[in-house]
Amino acid sequence: LGDAPLLMAGMIGSSRGWVEVPYVPCPAGLAELAAGVHWIEPGRIAIVPGLSIRDDAHADVMRGEEVQLFGALASGAVAANGAVCHPGTHNKWVRIVDGRIASFQTVMTGEMFGLLRKHGILANMLVGDVTPDAAFHAGVRRGVEAPILTAELFSVRARVLLGALAPGDAAAFVSGLLIGADLAVGRSLGLEGQLNIVGEPALTNLYAAAAREGGQDVRETNGRKAFLAGALALARMMK
């Protein structure tokens, strides 16, 4: 890459990464994030710190998503006040207040779906690509309403065995089920109004389809473009 300065974010700054960089506590804005950047080589290589929440009722962390969120804010894709859903391996529900990340909640939806596809009794049923089809939407409706997700997951096997669900629809139904339960978490946090969904288009498309199932107004933002915008905004703040 030549002599250009290198700014890194995400798991490279975690306990599993190159250098563990302390989290910046929320609420936090771009200025606090810039102040917490850790320099590997001053002026040349730096790692973004990530954000945290810790109180008597809740503890949570994020690394990487904060750069995308501030990039979405800097580009105008996300308003200075509102709710953001950031799907991925670990989905984030984020409250933005005055251009700062006020609070967030992580849900292990993507990781759970990946584990179910590779291990356990449902693995041989969860094959093929997932699209927002009828089976997916049926799963979303059930996931939003279901009081006990683990019970609903086992019922997928029973549905297939008893002919209530076509084997080829199981992956879409389970994806919808998990995303529906995820949306229920967002609603429980009181995140109202337009829902901004930031991330990889394949995932934002599924979450947008699920949110629209419940009549919610949705706006999607490409996470890679948001990351670049966030890294540029952060670099300017660091000068």
Side-chain angles (χ1 to χ4, degrees), residues 1-108 186 189-191 193 195-200 204 219 221-239:
L1 296 176
D3 293 327
L6 186 61
L7 184 62
M8 299 170 288
M11 292 299 287
I12 197 164
S14 74
S15 59
R16 297 184 176 189
W18 182 9
V19 175
E20 186 173 6
V21 181
Y23 294 100
V24 172
C26 284
L30 195 62
E32 287 86 355
L33 200 66
V37 164
H38 176 81
W39 289 96
I40 303 296
E41 294 183 22
R44 295 196 66 246
I45 302 173
I47 299 178
V48 181
L51 301 179
S52 68
I53 292 177
R54 181 181 176 182
D55 56 37
D56 292 339
H58 181 51
D60 214 330
V61 294
M62 72 164 68
R63 285 193 188 275
E65 296 92 349
E66 72 290 334
V67 177
Q68 294 187 40
L69 292 168
F70 286 125
L73 281 163
S75 67
V78 171
N81 293 281
V84 179
C85 171
H86 193 302
T89 304
H90 302 138
N91 181 41
K92 308 288 185 183
W93 290 100
V94 185
R95 186 188 303 278
I96 306 291
V97 177
D98 295 332
R100 293 158 58 84
I101 296 177
S103 62
F104 61 91
Q105 174 79 62
T106 303
V107 187
M108 293 175 61
L189 298 173
L191 300 177
L195 179 62
N196 299 283
I197 307 179
V198 180
E200 292 293 323
T204 64
R219 180 175 181 177
T221 298
N222 186 298
R224 295 191 181 191
K225 292 181 180 178
F227 185 89
L228 292 175
L232 287 171
L234 188 57
R236 293 188 187 105
M237 175 98 35
M238 292 161 58
K239 289 183 178 179

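Values reported hereafter were calculated over all heavy atoms of this structure, with side chains retained and with hydrogens, waters and symmetry mates removed.
With sequence neighbours excluded, the residues that form a side chain to side chain contact (heavy atoms under 4.5 Å, CB included) with Ile197 are Cys85, Pro87, Leu195, Thr204, Tyr207, Ala208, Val218. Residues that satisfy the side chain to side chain contact (heavy atoms under 4.5 Å, CB included) test with Thr106, not counting sequence neighbours, are Asp60, His90, Lys92, Phe104. Scanning for side chain to side chain contact (heavy atoms under 4.5 Å, CB included) contacts around Ala28 gives Val24, Glu32, Leu51, with sequence neighbours left out. Under the side chain to side chain contact (heavy atoms under 4.5 Å, CB included) criterion, Ile45 pairs with Leu6, Met8, Trp18, Ile40, Glu41, not counting sequence neighbours. Arg236 pairs by the salt bridge (Lys or Arg N to Asp or Glu O under 4.0 Å) definition with nothing, not counting sequence neighbours. Judged as a salt bridge (Lys or Arg N to Asp or Glu O under 4.0 Å), and not counting sequence neighbours, the contacts of Glu200 are Arg224.
In this structure, Leu232 CG and Ser75 OG are separated by 11.0 Å, a value rounded to the nearest 0.5 Å. Note that the CE atom of Met108 and the CG atom of Asn91 stand 12.0 Å from one another [nearest 0.5 Å].
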Q: Test side-chain contact (heavy atoms from CB on, under 4.5 Å) on Val48 and Leu7 and set out the steps.
A: CA-CA 7 Å; Val48 181; Leu7 184 62; 3.9 Å; yes
Q) When you look at Tyr23 and Glu66, which way does the side-chain contact (heavy atoms from CB on, under 4.5 Å) test go after all the steps? A) CA-CA 11 Å; Tyr23 294 100; Glu66 72 290 334; over 6 Å; no
Q: Could you please spell out the steps behind the side-chain contact (heavy atoms from CB on, under 4.5 Å) verdict for Ile47 and Val37?
A: CA-CA 6 Å; Ile47 299 178; Val37 164; over 6 Å; no
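Counting only heavy atoms from C-beta outward, the side chains of Ile96 and Asn81 never approach each other to under 4.5 Å. The closest side-chain heavy-atom distance from Val94 to Met62 is below 4.5 Å. Between Met237 and Leu33, every side-chain heavy-atom pair lies at or beyond the 4.5 Å cut-off.
In terms of heavy-atom proximity, Ala77 sits nearest to Asn196 at O-OD1, 3.7 Å. Residues Leu73 and Ala80 share a closest heavy-atom pair of CD2-CA, 4.0 Å. For the pair Ala102 and Val97, the tightest heavy-atom approach, listed with the atom from each and the gap, is CB-CG2, 3.8 Å. Residues Ser14 and Arg63 come closest through the heavy atom pair CA-NE, 3.4 Å. A pairwise comparison of heavy atoms in Pro22 and Pro49 identifies O-CB, 3.2 Å as the closest pair. The minimum heavy-atom distance linking Pro5 with Gly43 is given by the pair CB-O, 4.1 Å.
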